[in-house]
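Everything on this sheet refers to the single structure shown next.
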Amino acid sequence: MSESKDKNSLPLSRVRTIMKSSPDVAAISQEALYLTGKATELFIQNLAMISLETNESKNSVDYKDLAEVVNSEDVLQFLQDIIPRKIKYSEYLAIKQKEEDES
């Protein structure tokens with residue numbers, strides 16, 4: 001399957017919907033839509049490549065790999081609420097208990 005350099009992998013209709021969900025956005029030009037879609041695509045590729053380089057298997061990227069990169073890189077801090085590290089419920093309870101003990 002050959003892919004043109006001008007073609008976005010992300011559906012631009014979805015990108016437009018996300019952009020329009022902001023109350024600050026009144027109108028979206030085709031150029032802005034295309035560039036936002038392409039920039040998002042490149043960002044996702046870069047995040048996946050970093051995650052692939054830092055994981056142990058080197059042949060796949062799991063949620064845990066993405067979460068580790070997001071939570072270890074300061075520039076990706078804005079994604080920490082979206083891709084948090086997973087913890088077991090028992091670990092969560094221990095953290096909450098420790099917080100209560102300290103206060």
Residues two or more places apart in sequence or in another chain: which of them pass side-chain contact (heavy atoms from CB on, under 4.5 Å) with Pro23?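 Scan of Pro23 (side-chain contact (heavy atoms from CB on, under 4.5 Å), adjacent residues dropped) gives none.
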Taking all heavy atoms of Ile28 and all of Met19, pick out the closest pair and write down the distance.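 Taking every non-hydrogen atom into account, CD1-CB, 3.5 Å.
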Atom of Leu79, atom of Phe43 and distance for their closest heavy-atom approach: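 Scanning both residues completely, I find the closest heavy atoms to be CD1-CZ, 3.8 Å.
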Gln30 and Arg16: CA distance, side-chain angles, deciding distance, side-chain contact (heavy atoms from CB on, under 4.5 Å) verdict: CA-CA 10 Å; Gln30 277 303 114; Arg16 180 188 308 276; 2.8 Å; yes
Got a second to check how far [X]'s [atom1] is from [Y]'s [atom2], nearest 0.5 Å?
X     : Y     : atom1 : atom2 : value
Leu33 : Leu12 : CG    : CG    : 4.5 Å
Ser72 : Gln77 : OG    : CD    : 12.0 Å
Tyr63 : Arg85 : OH    : CZ    : 10.5 Å

If you draw a 6.0 Å radius around CD in Glu99, do more than 12 non-hydrogen atoms from other residues or ligands fall strictly inside?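 Atom CD in Glu99 is packed in, count exceeds 12.
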Do other residues, nucleotides or ligands put more than 12 heavy atoms under 6.0 Å from the CZ atom of Phe78?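 Yes.
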Asp65/Leu52 under side-chain contact (heavy atoms from CB on, under 4.5 Å): CA gap, chis, key distance, verdict: CA-CA 8 Å; Asp65 304 321; Leu52 188 61; over 6 Å; no
Taking the side chain as everything from C-beta on, heavy atoms only, tell me whether Ile95 gets closer than 4.5 Å to Ile87.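 Contact flag for Ile95/Ile87 side chains = yes.
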Apply side-chain contact (heavy atoms from CB on, under 4.5 Å) to residues Tyr34 and Val15 and explain how you reach the verdict. CA-CA 9 Å; Tyr34 174 80; Val15 174; over 6 Å; no
